[in-house]
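So that the names make sense, note that chain A is the first sequence line, chain B the second, and so on, each numbered from 1. What you see below is based on every heavy atom in this structure, not just the backbone, and it leaves out hydrogens, waters and symmetry mates. Remember, it's a predicted structure, so these values are computed and weren't measured experimentally.
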2 protein chains.
Amino acid sequence: MTLHSTNPEGRKPVIRCAACPIADRAVCSYSTARELSLLEAIKTYRTYLPGDEIQATGETAPQVGSVVEGIVSLSRLMADGRRQMVGLLFPGDFLGRATRETAPYDAIAVGQVTLCQFDRRRFETLLRESPALNRRLLDMTLDELDAAREWMVLLGRKTAREKIASFIALTARRSRAPETPEGLHIALPLTREAMADYLGLTIETVSRQIGALKRDGLIILIDARHLVIPDLDALGAEAGDDVV
Amino acid sequence: MTLHSTNPEGRKPVIRCAACPIADRAVCSYSTARELSLLEAIKTYRTYLPGDEIQATGETAPQVGSVVEGIVSLSRLMADGRRQMVGLLFPGDFLGRATRETAPYDAIAVGQVTLCQFDRRRFETLLRESPALNRRLLDMTLDELDAAREWMVLLGRKTAREKIASFIALTARRSRAPETPEGLHIALPLTREAMADYLGLTIETVSRQIGALKRDGLIILIDARHLVIPDLDALGAEAGDDVV
DNA sequence: CGTGTCCTTGACATGATTCAAGGTACGTGG
DNA sequence: CCACGTACCTTGAATCATGTCAAGGACACG
């Protein structure tokens with residue numbers, strides 16, 4: 001089945017697990033070769049275009065799976081249109097909840113996304129028999145919980161400037177940024193609007209605070225979505241985190 | 001943590017699991033009688049006084065366990081003294097992480113607290129062999145993650161008035177409040193300061209918004225810590241949540 | 001009583017939002 | 001190839017919600 005459509009959205013040929021780029025971080029990373037072959041038998045790949053809604057609030061998802069490429073945002077929309085992002089999934093992260101049918105937030109593709117998906121019920125069956133999958137899922141959920149709690153501190157107590165500095169520092173950590181003589185070169189994966197929704201700000205405030213960090217020499221803007229961090233420690237100091 | 005021999009802080013006689021008030025909600029609620037007897041063999045009870053630090057940020061906890069009575073707050077303290085609460089544990093909730101040695105936040109007793117504790121390493125041994133415990137822990141962690149994400153929406157996007165209304169409505173839901181002819185009668189478990197830390201506000205703003213809800217007839221204050229909700233739906237409408 | 005903790009209220013300051021305008025980059029159709 | 005539309009981003013001025021600072025009240029406890 002090596003048929004590609006012109007549209008990048010849709011099903012894709014299955015990659016062998018042995019060659020999977022996220023094999024060391026994904027939900028299957030504790031699994032034995034035998035278990036991998038069971039997973040391999042039920043997995044399908046699927047790609048989404050930027051802005052595609054992968055799953056809507058309250059919608060029953062027939063599939064769960066791992067993010068292989070790209071970034072997925074999880075966000076909650078209030079009745080009057082206010083939106084708050086509640087999570088950002090990077091490659092290796094798990095999307096969907098094996099033991100729940102629905103999720104109380106929207107999953108939206110940020111940029112182009114490839115997922116390695118499993119039928120939810122078949123995955124759940126495997127889960128019931130596999131301590132390795134169970135344990136891995138628990139560990140990943142604990143990591144997500146830690147990340148959510150760290151974000152609660154940011155949302156509840158940090159200033160706009162600290163929020164922006166935190167986000168840029170986080171991006172630098174998450175994307176192995178190439179180091180040049182001038183500093184770390186990073187690409188911002190989100191639009192100003194998505195950043196605002198992640199940080200609990202408006203897009204104007206995001207724009208102004210990025211401008212302020214630039215004026216203060218903490219970042220060097222190449223264009224709206226690319227920048228250089230001359231001194232990551234100095235930027236981190238603006239983020240208001242105590243040493244962890 | 002010093003162990004006082006004087007009541008009420010310290011070790012307590014072990015209650016039989018069969019008579020446990022949180023048996024239906026705790027981490028052991030999926031377990032068979034046989035497994036319960038294994039847990040019973042390693043459990044100890046311990047009580048804490050209001051304000052006691054049950055576990056400090058980064059401190060290695062030799063014990064994990066369930067909240068039996070009282071409320072435990074989880075909070076993060078920033079270097080300059082700003083504090084953000086990142087979770088509230090009610091009876092039945094699990095404190096501590098079986099697969100991690102430390103936690104990045106302080107656990108503090110709100111009011112008097114009784115815990116049913118297990119030695120972390122022995123608990124982990126049981127966990128490795130028990131699908132029921134594993135599954136229950138995963139489900140509870142997913143619930144905590146949902147709660148954390150709901151709180152992110154509150155912290156990032158709600159107004160002070162919505163935050164207060166949300167908190168009072170949450171308290172009404174969590175504590176089976178007695179219904180009187182005038183409405184639901186509830187006790188606020190937190191001081192103004194703790195509410196402020198939970199909601200990402202200052203204590204003055206908390207106090208003013210409670211006053212505003214009172215003036216608008218949405219709540220009737222009995223004293224600073226006790227109030228009546230004449231119409232929970234009306235209060236809920238102030239909380240800014242869409243129907244869930 | 002006096003002292004400490006918790007809570008409330010007022011006056012004022014300020015950080016972030018809102019409203020408004022314009023700029024840049026990019027793709028599409030004429 | 002250019003004009004146009006659209007999405008994304010920036011900037012300024014005014015407003016407003018919330019924080020800050022300050023004072024005092026209520027209550028419990030020794």
Side-chain angles (χ1 to χ4, degrees), chain A residues 49-52 73 78 80-84 108-111 154-168 187-216 219-227 238 240, chain B residues 49-51 73 78 80-84 108 110-111 154-168 187-216 219-227 238 240:
Chain A
L49 294 177
D52 278 355
S73 76
M78 293 174 70
D80 59 2
R82 284 175 283 179
R83 185 181 286 277
Q84 175 64 50
I108 298 174
V110 174
L154 177 145
L155 292 171
R157 291 302 187 201
K158 290 190 182 178
T159 64
R161 182 185 177 91
E162 289 171 329
K163 288 177 175 181
I164 296 292
S166 296
F167 176 72
I168 295 175
L188 297 175
L190 303 183
T191 65
R192 297 290 185 263
E193 185 178 19
M195 276 192 252
D197 288 343
Y198 199 21
L199 300 170
L201 297 170
T202 59
I203 71 173
E204 294 94 330
T205 299
V206 170
S207 190
R208 278 190 255 269
Q209 294 299 333
I210 289 179
L213 290 180
K214 171 188 169 186
R215 242 170 284 118
D216 296 343
I219 58 175
I220 300 160
L221 273 191
I222 295 169
D223 61 41
R225 300 285 281 273
H226 296 85
L227 53 85
E238 296 292 325
Chain B
L49 294 176
S73 75
M78 293 175 67
D80 59 3
R82 284 175 283 179
R83 186 181 287 277
Q84 176 64 49
I108 298 174
V110 175
L154 176 143
L155 292 171
R157 290 303 187 200
K158 289 190 182 179
T159 65
R161 180 184 178 93
E162 290 172 328
K163 287 177 175 181
I164 297 291
S166 296
F167 176 73
I168 296 175
L188 297 175
L190 303 183
T191 64
R192 298 290 185 265
E193 186 179 19
M195 277 193 252
D197 288 343
Y198 200 20
L199 299 169
L201 296 170
T202 60
I203 70 174
E204 292 95 332
T205 299
V206 170
S207 190
R208 279 189 255 269
Q209 294 298 334
I210 289 179
L213 291 179
K214 172 189 170 185
R215 243 169 284 120
D216 296 343
I219 58 176
I220 300 159
L221 273 191
I222 296 169
D223 62 38
R225 300 285 282 271
H226 295 87
L227 52 87
E238 295 292 327

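- In the helix from C/dC1-D/dG30 to C/dG30-D/dC1, the end axes, each obtained as the rotation axis mapping the C1' atoms of four pairs onto the next four within a five-pair block, lie 30° apart to the nearest 10 degrees.
- Among residues two or more places apart in sequence or in another chain, the salt bridge (charged side-chain N to carboxylate O under 4.0 Å, His left out) test is passed with B/Asp80 by B/Arg82.
- A/Ile203 is not listed as a side-chain neighbour of A/Met195, based on a closest heavy-atom distance of 4.5 Å or more.
- Rounded to whole angstrom, the span from the CD atom of B/Glu162 across to the P atom of D/dT18 amounts to 9 Å.
- Within residues 207-215 of chain A, the residues having any heavy atom under 4.0 Å from DNA chain D are, by residue number, A/Ser207, A/Arg208.
- Closest of all the heavy-atom pairs between A/Pro189 and A/Arg225 is O-NH2, 3.4 Å.
- DNA chain C lies under 4.0 Å from at least one heavy atom of each of the following residues of residues 188-203 of chain B: B/Thr191, B/Arg192.
- At least one side-chain heavy atom of B/Arg161 sits less than 4.5 Å from a side-chain heavy atom of B/Asp216.
- Residues B/Leu190 and B/Phe167 meet the side-chain proximity criterion, which asks for heavy atoms closer than 4.5 Å.
- Rounding to the nearest 0.5 Å gives a distance of 10.5 Å between CZ of A/Arg208 and CZ of A/Arg215.
- B/Gln84 has its side chain out of reach of A/Leu154: every pair of non-hydrogen atoms, C-beta onward, lies at least 4.5 Å apart.
- Between B/Lys163 atom NZ and D/dA17 atom C1' there is a gap of 11 Å when expressed in whole angstrom units.
- At whole-Å resolution of the value, CD in B/Glu204 and C1' in D/dC21 are 8 Å apart.
- Taking the side chain as every heavy atom from C-beta outward, A/Leu227 and A/Leu213 never approach each other to under 4.5 Å.
- Here A/Leu188 contributes atom CG and A/Asp223 contributes atom CG; the two are 9.0 Å apart, rounded to the nearest 0.5 Å.
- As judged by a 4.0 angstrom heavy-atom cut-off over every strand, A/Arg161 is placed among residues making no nucleic acid contact.
- As rounded to whole Å, 19 Å separates atom P of D/dA26 from atom CD1 of B/Ile222.
- A distance-only check finds a donor-acceptor pair linking the side chain of A/Arg157 to the backbone of B/Leu201 [under 3.5 Å].
- The distance from atom OG1 of A/Thr191 to atom OH of A/Tyr198, rounded to the nearest 0.5 Å, is 14.0 Å.
- You can see that DNA chain C meets the heavy atoms of chain A within a 4.0 Å-exclusive cut from C/dA16 to C/dC19, reading 5' to 3'.
- B/Met78 CE to B/Arg83 CZ: the interatomic distance, rounded to the nearest 0.5 Å, is 12.0 Å.
- In this view, A/Lys163 satisfies the salt bridge (charged side-chain N to carboxylate O under 4.0 Å, His left out) rule with no residue, not counting sequence neighbours.
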